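These numbers come from a predicted model, not from an experiment.
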Amino acid sequence: MDSNIKPADSIQTTCPYCGVGCGVAATPSEVTGDKRHPANQGQLCVKGSALHDTLVPAGRLLKPRIEGEERSWPEALAAVCGAIRDAVDQHGPGSVALYLSGQLLTEDYYVANKLAKGFIGTPHVDTNSRLCMSSAVAAHKRAFGEDCVPGCYEDLELADLLVLAGSNTAWAHPVLYQRMQASQRAGRRVVVIDPRRTATADLADLHLKLKPGTDTVLFNGLLVWLSQHGATNPDYIAKHCSGFEETLACALEVAPSVASVAAQCDLAGHEVEQFYRWYADTPRTVTTFSQGVNQSAAGTDNCNAIFNCHLATGRVGKPGASPFSLTGQPNAMGGREVGGLANTLAAHMEYDTPGARERLAGFWGTDRLPEAPGFKAVELFEAVHRGDIKVLWIMGTNPAVSLPDSARVCEALAACPTVIVSDCMANTDTTAFANILLPAAGWGEKDGTVTNSERCISRQRSFLPLTSEARPDWQILTSVARELGHAQAFQYQRPADIFREHAMLSALACKASDGRQVFDIGVLAQLTDAQYNQLEPVQWPVSMGAAGDVTGTPRLFSDGRFATDNGRARMVPISAGLPCQVVTSRYPLVVNTGRIRDQWHSMTRTALVSRLLTHRQEPSIEIHPDDALHYGITDGTLCQLTGPGPEAFLGRARLTADQRPGEVFIPIHWSGCFASQSVATNLIAAVTDPISGQPESKHGIASLSSLASRWQARLMRRESGGGLGALAGLCDYWCRQPLTHSTSWWLAGNQTMDWGSDAQSWLGGEPQLIMADAAQGRFRAAHVVDGRLDAVLLVDREADLLPDLAWLDQCFSAERLSDDQRQCLLAGRSVETEEIGALVCSCFQVGDRQIASAIRRGHATLEALGRTLKCGTNCGSCVPEIRELLAHPA
Ligand SMILES: Nc1nc2c(c(=O)[nH]1)N[C@H]1C(S)=C(S)[C@@H](COP(=O)(O)OP(=O)(O)OC[C@H]3O[C@@H](n4cnc5c(=O)[nH]c(N)nc54)[C@H](O)[C@@H]3O)O[C@H]1N2
Ligand SMILES: Nc1nc2c(c(=O)[nH]1)N[C@H]1C(S)=C(S)[C@@H](COP(=O)(O)OP(=O)(O)OC[C@H]3O[C@@H](n4cnc5c(=O)[nH]c(N)nc54)[C@H](O)[C@@H]3O)O[C@H]1N2
Ligand code: SF4
Ligand SMILES: [Mo]
């Protein structure tokens, strides 16, 4: 539907995916962009616009379970509390740990932190934000004295030079990317810093395809250049910064000249100089950064190297001039506010903030606060592995897939005496290890607040009844706290009660710092329930306007006063820290991992929408054609990446000169629920940044080989729930794809099979249609019930000899298979419809071959293609790829 029309009776809420934090007008059957929300002004990306299609019962966890058996809530709560009590009694509070998520709401997060630190008395509360934002957090604190993003989204539009470092904004923060694109005007320049050419590079005037892990060299070199060309701001440095001399001296050692930078970063000297000149000449510069910068053993240094240049030029917190950390998850920022990270207390108070522990203990009314910080995520799971943690409660995250060295994490989970998992979904790689499973309410059912990348607090509002016995996370936590005997401190009846307490605590923390602390939403402690319900998006710190209205703050530190003790920002000397996982002759390839456009993390929600699995259907290995030639593989070859760890990664080769030779890129999304062996974190060692504890997730190492297979097959079944069962053992590779009318598996294997006699077990019924051509290695069989297709198995030597997937899925929608369909199913690939090619536009299911043919027919602009094929006209997430096809027509 037209995105400008707001459906009747819709509720204004916030998208639960990325940190852009788009406003959504939602009903149970449709979602549109909220035109009034400042983050997106009506836009939604492809994931956001498919949200209503994720509101399905499929796969939901409906009731609590203990050791796999469904139980009542009272029984489950008793089991949780019993395990916590026993662990605390026998091994002390430090034997209990919570592992939380940037996808929880602020209210959930606040209660979890209060229960753990305040009342169980364990410091071991960490979150998946450790894998995501912790380097940026640490760097903000080092430079500015507090974890604050100084700028706002508008700055990305006002900037005359936009530097995107380690951020594939086009795919990971699509609506923000569209804002950047829309604000294009004469003279505005964009520099993308990424070892791969991504969809984001479509916007770039200059793409620095640097050697991975050399960002600190590039930014140290920039500082040197600025200083040597009189482009620093000496007045600002003198008044507002400390550490300039040492920082510059260090930079001079690391990156003395453009030539040295170019050599170390594997760039051309003129490219480096171009970037430096533009930076020097452009007062309105914004440097936006994300995981290519954070997920590094030098992640904190990477961020500080960026901040150093902004401080040296006085470009912090000014319109169009600021560093800007893009947060990943919808509420990574809210989690940081409440103290979800193990090294912080609450409300931006640190363990070493003078008087903070006492203040917090007084506020919460407890004497159990731990004395010192707890384990960071990777250390935490190591402690679980050692047996030091007896009860681990995981909430809103899937660590079996997302933590580095997944095999070891799974060992730890298997060995932990009590694993409690709160999730909306029944089957994930992590819920498989749960002793106690608690059904959590999902998006649409939950109510609370989130804070996006620009510090904007928005309401997530419920518009659906709870599914079965699912409960909101804050409520589950509150019930546990009460049952543990802390009813007095956990009297919450509704999220607003929690939010007011959180707001009050922020004011207390701010006051105690003599106003130095920036994070302060104290005025929101006065909100009535009705005002909380109607709360409009507002950026913290929040103050009360003259008319008694709530006023937010778009920019921080604009006057050069920072949150440090002396009010000065700290420049930090950065000596180059190169990646810890270093290629060897045995593991000669660098493994870069990251996101694809249409999937969210471990796919528990986005894979519910079949059209989101069409852009990329299978795990892939993106590789430079020269490397492919060296390894003797072609586009589409099933390959295996093997690293030092026990598990390999299987995926189909995608040949692309977007990659640098010697480096491959793999997606992080496929879990054990969707593929036999395609968990990216198996190739990532548990190496972390010594300051932030963030893993080096962008730099694994591996060797590559093609996966020997005698046969490749596609199996499709009408029923959706079931798995392959014992048949999986016959395959060397499988990958599952839920479709609209069926479920499909890619299969491959090297074993000799007797398809004729086994067909019945694959199909789950007797085959009625069979075609076998042993000489060609071809076999087809279908199970048909009352003329309707129920299952089909298609075997061939090569995957690309099999019929088109969309066509096959359509066969399942027919009440009766037509004669043509029967013939095509048996014959092979002949399909009467136009081949769409690789899917580009998910919303309208338009592929690259269709687009290429339309361009040949004269529809050679974005607008013309939109008119004839509709591609790119809904959410716009595919526009960078369409532009690429227009620029380089096939
Ligand atoms: N579609 C989609 N969007 C998402 C998510 C999702 O799962 N799916 N997840 C959300 C979350 S939680 C996050 S944290 C964000 C992440 O958003 P991004 O950080 O933008 O996404 P990534 O793909 O993880 O990595 C970004 C880029 O870093 C580059 N990179 C790798 N090594 C280096 C290096 O050494 N230097 C530099 N400069 N770059 C390097 C990679 O090539 C990659 O293109 O996305 C959010 N948005
Ligand atoms: N190699 C490599 N590893 C990475 C990364 C990378 O780039 N490379 N990126 C890292 C980053 S930045 C991130 S953020 C992580 C993400 O990794 P995870 O957090 O592990 O990924 P998700 O699949 O989002 O897991 C969220 C889980 O919470 C459930 N859930 C959803 N909503 C709710 C709710 O309201 N309540 C509860 N209780 N559960 C809910 C979902 O069903 C799902 O099981 O991965 C990290 N790991
Ligand atoms: S950009 Fe997309 S995923 Fe991110 S908040 Fe907006 S609609 Fe959701
Ligand atoms: Mo993230």
Residue set satisfying side-chain hydrogen bond (donor to acceptor under 3.5 Å, both in side chains) with N294, at least two apart, ordered chain then number -> none

| said: Under a 3.5 Å threshold, yes or no: a donor from one side chain and an acceptor from the other, between S697 and Q291? | reply: no

Applying salt bridge (charged side-chain N to carboxylate O under 4.0 Å, His left out) to D126 and not counting sequence neighbours gives R130

Quiz item: If we ignore angles and hydrogens, is there a donor and acceptor under 3.5 Å between the side chains of T106 and N331?
Solution: yes

> If you measure from the Lys or Arg side-chain nitrogens to the Asp or Glu carboxylate oxygens, is any gap between R60 and E445 under 4.0 Å?
Replying inline: yes

Kindly say whether Q517 contributes a backbone atom to a donor-acceptor pair with the side chain of S513 at under 3.5 angstrom?
-> yes

Quick note, ring pair (Phe, Tyr, Trp, His ring centres under 6.0 Å) partners involving residues 10-30, not counting sequence neighbours, are Y17-W600

Salt bridge (charged side-chain N to carboxylate O under 4.0 Å, His left out) pairs touching residues 529-540, sequence neighbours excluded, are R36-E536, R494-D529, R500-D529

Residue set satisfying side chain to side chain contact (heavy atoms under 4.5 Å, CB included) with V523, at least two apart, ordered chain then number -> V542, M544

Is it the case that R455 places NZ or CZ above or below the six-membered ring of W540, under 6.0 angstrom from the centre and within 45 degrees of the axis? yes

Taken in chain and number order and not counting sequence neighbours, the residues that satisfy side chain to side chain contact (heavy atoms under 4.5 Å, CB included) with E157 are E154, R179, S183

For D423, the side-chain hydrogen bond (donor to acceptor under 3.5 Å, both in side chains) test, sequence neighbours excluded, returns none

Does the distance from a Lys or Arg side-chain N to an Asp or Glu carboxylate O, for K446 and D108, drop under 4.0 Å? yes

Q) Going by atom types only, do Y492 and Q475 share a side-chain donor-acceptor pair under 3.5 Å? A) no

Applying salt bridge (charged side-chain N to carboxylate O under 4.0 Å, His left out) to E350 and not counting sequence neighbours gives K141

Hits for salt bridge (charged side-chain N to carboxylate O under 4.0 Å, His left out) against R336, two or more places apart or cross-chain, chain-then-number order -> D147

Residues at least two apart in sequence or cross-chain that pass side-chain hydrogen bond (donor to acceptor under 3.5 Å, both in side chains) with W393, listed by chain then number, are S422

| Quick check: does any side chain N or O of E469 sit under 3.5 Å from a backbone N or O of L62, one acting as donor and the other as acceptor? | no

Donor-acceptor contact below 3.5 Å, side chain S453 vs main chain T327
yes

Review point. Quick one: are the ring centres of F119 and F490 less than 6.0 Å apart?
Key: yes

Q) T14 and Q460: side-chain donor and acceptor closer than 3.5 Å? A) no

request  = May I ask you to check whether H348 and S506 show a side-chain donor-acceptor distance below 3.5 Å?
outcome  = no

_Within 45° cone and under 6.0 Å: R605 NZ/CZ vs W443 ring_ = no

T681 meets the side-chain hydrogen bond (donor to acceptor under 3.5 Å, both in side chains) criterion, sequence neighbours left out, with none

- Message: Strictly distance-based, threshold 3.5 Å: is any side-chain N or O of K376 a donor or acceptor partner for the main-chain N or O of S134?
- Response: no

The salt bridge (charged side-chain N to carboxylate O under 4.0 Å, His left out) partners of R459 (sequence neighbours excluded) come to D447

